[in-house]
2 protein chains.
Amino acid sequence: MTPEQPRPDPGGPAAAPPRPRDSSATRRSLLAAARELFAADGYDGTTVRAIAERAGVNQALLFRHFGNKEQLFAEAVAGQALDVLHDGPPQEVLRRTLEAMLATGPDDSAESTLFFAALRSQGNTEAARTVRAQLREAYGGALAALVATDDPADAELRADLTLAWLLGIALLRRVIHSDALMAAEPETVIGHVVRATDALLGPVDSP
Amino acid sequence: MTPEQPRPDPGGPAAAPPRPRDSSATRRSLLAAARELFAADGYDGTTVRAIAERAGVNQALLFRHFGNKEQLFAEAVAGQALDVLHDGPPQEVLRRTLEAMLATGPDDSAESTLFFAALRSQGNTEAARTVRAQLREAYGGALAALVATDDPADAELRADLTLAWLLGIALLRRVIHSDALMAAEPETVIGHVVRATDALLGPVDSP
DNA sequence: GTCAGTTGTAAGCAGACGCTGACAACCGGA
DNA sequence: TCCGGTTGTCAGCGTCTGCTTACAACTGAC
């Protein structure tokens, strides 16, 4: 049987030299890998094995640090896409979000794409649902303040319609690969969307 | 061991009376169940066991009829959501699609929701990709014809932006459960969207 | 009746999944 | 030097997945 007793350094082909003992670096690697993969493939489409491999970290460490997949997801996503919200005047939230969305290549995983990955994760898991509701509320609130109406329900409706558009654009770019949306100049796309949302959020002329 | 020799009809508690031999009825049941579940949970979120159970059909029959899950998906989805495209004047495609989307309850699975389920299925499988591209082209083409521009690329871009909006609205309603979008009167929502898309698809005033 | 073909059923395979347990290697303080 | 706690590694568990196989029950043609 030759029980393969442990040798300090076998002369063989470099049997995976152990990674340096750095807990926080491991954590960061895992979080970064998780963000990229969740943004690219959604919650269900991402496996913990893939995250660990991309991070160059043993799979078991993932569970030691985050407990389970859902908590890793929540921690990777939380507070990540909200920077763009408070990064300038509120009336330009829409433009800034669009710029962040369109600036990156199709496979790149910028901050804002994470937001949409969260929305896109269609699992019924509690963590995913919580994150989605949280992000939706933040964006919805910021957008609702821009609506020219007295009716709060109508303001929320129009804000959600705007959010739906952002969501759909991200989806058409990342999941479907719309040639038109990917080839167009960002300024052109932003111009179209801003023009239309001005009509959407502005006062209704004929009652 | 008592090898449990087959008995024609055991006196016990009705051990699953075999379903009547009707091939086409079985097929239809499977297709109907597949449509409902794919629309509700997407491609990856739906298991063949769930489809078979909902159809009241043995799981193995699913594979006898359709070969594999992807073919069942393709067959269930193909040509299903396109009715609304040719069901009236082309300039009202947007309104008709919205009406179909908003008319049903959140859990109902009308025709049009299937279209969005196809888009939402985020798997990389070939069948899902084909169906998505197919549907996107049909809708995109119909919408592009309505754009007031001479530039074909710009027309396609604006059509895809419109499609993105429809997609996002469906997503916000079905995946996230936006209270505002679900509680609002369909006519209100349609009014907002049509007003904004008029600005989007219409001529650009200031170059 | 017999027998080939069709329809339904039961059981299980191979692989991927999330997750766990046991153990080795290293570190800091006593 | 010992020793508890932390970090990294390895192997595998239980379950679910899409899919297959072997077989029973029924049908229609001869």
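All chains are named by letter (A, B, ...) in the order of the sequence lines, taking the proteins before the strands, and each is independently numbered beginning at 1.
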**Request:** Please state whether the rings of A:Phe73 and A:Phe38 are parallel, tilted or perpendicular, taking 30° and 60° as the class boundaries.
**Result:** perpendicular
**Prompt:** To the nearest Å, how far apart are A:Glu53 CD and C:dC17 P?
**Reply:** 11 Å
**Request:** Let me know the distance between CG of B:Leu61 and C1' of C:dG8, rounded to the nearest Å.
**Result:** 6 Å
**Request:** Starting at CG of B:Asn68, measure out to CG of B:Leu62 and round the result to the nearest 0.5 Å.
**Result:** 9.5 Å
**Request:** Send over the distance from B:Leu30 CG to C:dT9 P, rounded to a whole Å.
**Result:** 12 Å
**Request:** Report the distance from atom CZ of B:Arg49 to atom P of C:dT9, rounded to the nearest whole Å.
**Result:** 16 Å
**Message:** Check the phosphate of D:dT6 against A:Ser23, side-chain N and O only, distance under 4.0 Å to OP1 or OP2. Yes or no?
**Reply:** no
**Fill in**
Winner on side-chain proximity to A:Gln59, out of D:dC19, C:dT9, C:dG18, is C:dG18
**Asked** When we call it a touch if two heavy atoms are under 4.0 Å apart, what does A:Thr46 touch: a base, just sugar-phosphate, or nothing?
**Response** sugar-phosphate
**Prompt:** Rounded to whole angstroms, how far apart are CG on B:Asn58 and C1' on C:dG12?
**Reply:** 13 Å
**Item:** Value rounded to 0.5 Å, distance of OG1 in A:Thr197 from CG in A:Leu143
**Value:** 9.0 Å
**Prompt:** Quick one: the side chain of A:Arg21 and the base of D:dT6, do they pair up donor-acceptor inside 3.5 Å?
**Reply:** yes
**Complete:** Whole-Å distance, A:Asp22 CG to D:dT7 P, equals 9 Å
**Distance, rounded to the nearest Å, where B:Leu62 contributes CG and C:dG8 contributes P** = 12 Å
**Item:** Nucleotide D:dT7, atom P - distance to CZ of A:Phe66 in whole Å
**Value:** 13 Å
**Message:** Nearest 0.5 angstrom please: A:Leu61 CG to A:Ser23 OG, how far?
**Reply:** 8.5 Å
**Asked** Closer than 4.0 Å, any side-chain N/O of A:Thr26 to the OP1 or OP2 of D:dT7?
**Response** no
**Message:** Measuring from the side chain of B:Thr47 (C-beta onward, heavy atoms only), which nucleotide among D:dC19, D:dC10, D:dT17 has the closest atom?
**Reply:** D:dT17
**Asked** For B:Glu53, does the CD atom sit with more than 12 other heavy atoms under 6.0 Å from it, leaving out its own atoms?
**Response** no
**Item:** Closest-nucleotide ordering on DNA chain C, the 5'-leading residue of A:Arg64 and B:His65
**Value:** B:His65
